[in-house]
Amino acid sequence: MRNRIIKICLLCIVVSLQSCQHILDQAEEKRTQENFTSEFMGKYTGTYSGDISGSLTVNIAKDASAGVIRSTNGGTDSYWTSLIGSSFNTTVKSPQGFIIYGNLQNKSGTWEMGNAKGTWSVVKN
């Protein structure tokens with residue numbers, strides 16, 4: 001009986017230590033995320049051309065979220081997405097259907113909006 005109680009106590013200690021380690025791991029991950037700064041943070045301006053053309057502004061925040069603003073004679077169109085590494089997350093489009101593909105390592109790529117297509121390029125300000 002005594003051996004069984006000792007085994008149960010040891011098991012409880014091991015489980016509680018693992019739980020503590022999990023909590024510490026989560027706290028460390030949260031600190032890492034809070035301290036993260038995208039190497040691409042900043043404002044980028046340039047143009048897009050092809051079937052239609054205009055100016056392009058990309059604002060990269062500390063957390064790698066990306067505001068994309070497209071301007072043309074007909075007004076502006078914008079959307080928020082994010083970077084995955086240096087590449088744009090290609091699952092989000094603007095309300096008018098505009099989306100850019102490419103990355104900020106090369107500061108260029110392609111764009112689409114419905115059947116219209118073309119290329120874009122920016123420089124960091």
Side-chain angles (χ1 to χ4, degrees):
M1 183 70 168
R2 184 177 171 154
N3 281 341
R4 188 175 252 177
I5 292 173
I6 291 173
K7 287 179 183 180
I8 291 172
C9 287
L10 288 174
L11 181 62
C12 289
I13 290 170
V14 168
V15 169
S16 70
L17 288 176
Q18 286 179 335
S19 296
C20 289
Q21 186 60 47
H22 181 70
I23 291 168
L24 291 173
D25 290 345
Q26 286 180 327
E28 180 61 29
E29 184 176 330
K30 184 177 180 185
R31 264 193 305 279
T32 300
Q33 289 174 349
E34 289 171 352
N35 292 330
F36 173 77
T37 299
S38 172
E39 66 182 285
F40 300 101
M41 187 172 108
K43 182 177 182 178
Y44 298 77
T45 57
T47 59
Y48 66 97
S49 60
D51 295 333
I52 55 176
S53 61
S55 64
L56 189 65
T57 303
V58 179
N59 291 301
I60 306 299
K62 181 180 188 293
D63 66 354
S65 59
V68 178
I69 304 168
R70 172 184 75 91
S71 300
T72 187
N73 293 337
T76 61
D77 187 23
S78 63
Y79 68 102
W80 279 95
T81 187
S82 61
L83 293 180
I84 301 172
S86 67
S87 300
F88 288 95
N89 179 344
T90 58
T91 61
V92 181
K93 295 181 180 182
S94 76
Q96 293 180 7
F98 184 81
I99 187 169
I100 61 175
Y101 303 98
N103 65 65
L104 289 177
Q105 190 73 41
N106 298 328
K107 298 180 188 73
S108 63
T110 60
W111 63 268
E112 292 179 3
M113 187 172 75
N115 292 328
K117 299 178 184 180
T119 59
W120 62 268
S121 64
V122 294
V123 295
K124 188 172 184 180
N125 299 103

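For the pair S53 and T72, the minimum side-chain heavy-atom distance is 4.5 Å or more. Under the 4.5 Å side-chain criterion, counting only non-hydrogen atoms from C-beta, V68 is in contact with I100. With contacts defined as side-chain heavy-atom distances shorter than 4.5 Å, the pair I69/N59 qualifies.
For W80 against S65, the heavy-atom pair with the smallest separation is CZ3-OG, 3.9 Å. Across all their heavy atoms, E112 and K117 have their closest contact at CG-CG, 4.1 Å. For the residue pair S78 and P95, the shortest heavy atom distance occurs at O-CD, 3.2 Å. Pairing each heavy atom of Y79 with each of F98, the nearest pair is CE2-O, 3.5 Å.
Distance check, rounded to the nearest 0.5 Å: CE of M41 to CG of L83 gives 12.5 Å. Atom CG of N103 and atom CZ of F88 lie 8.0 Å apart (nearest 0.5 Å). Distance check: K124 NZ to I60 CD1 gives 9.5 Å after rounding to the nearest 0.5 Å. From M113, atom CE reaches atom CZ of R70 across 4.5 Å, with rounding to the nearest 0.5 Å. Considering OG of S71 and OH of Y48, their distance stands at 7.0 Å, rounded to 0.5 Å.
Between the side chains of N106 and S108, no donor-acceptor pair is found at a separation under 3.5 Å.
For T45, the side-chain hydrogen bond (donor to acceptor under 3.5 Å, both in side chains) partners are N125, not counting sequence neighbours.
There is a path of hydrophobic side-chain contacts, each under 4.5 Å, that joins W120 to V92. Residues F40 and Y101 share a single hydrophobic cluster, defined by chaining ILVMFWY side chains whose heavy atoms lie under 4.5 Å apart.
With hydrogens and angles disregarded, a donor-acceptor distance shorter than 3.5 Å links the side chain of T81 to the backbone of N89.
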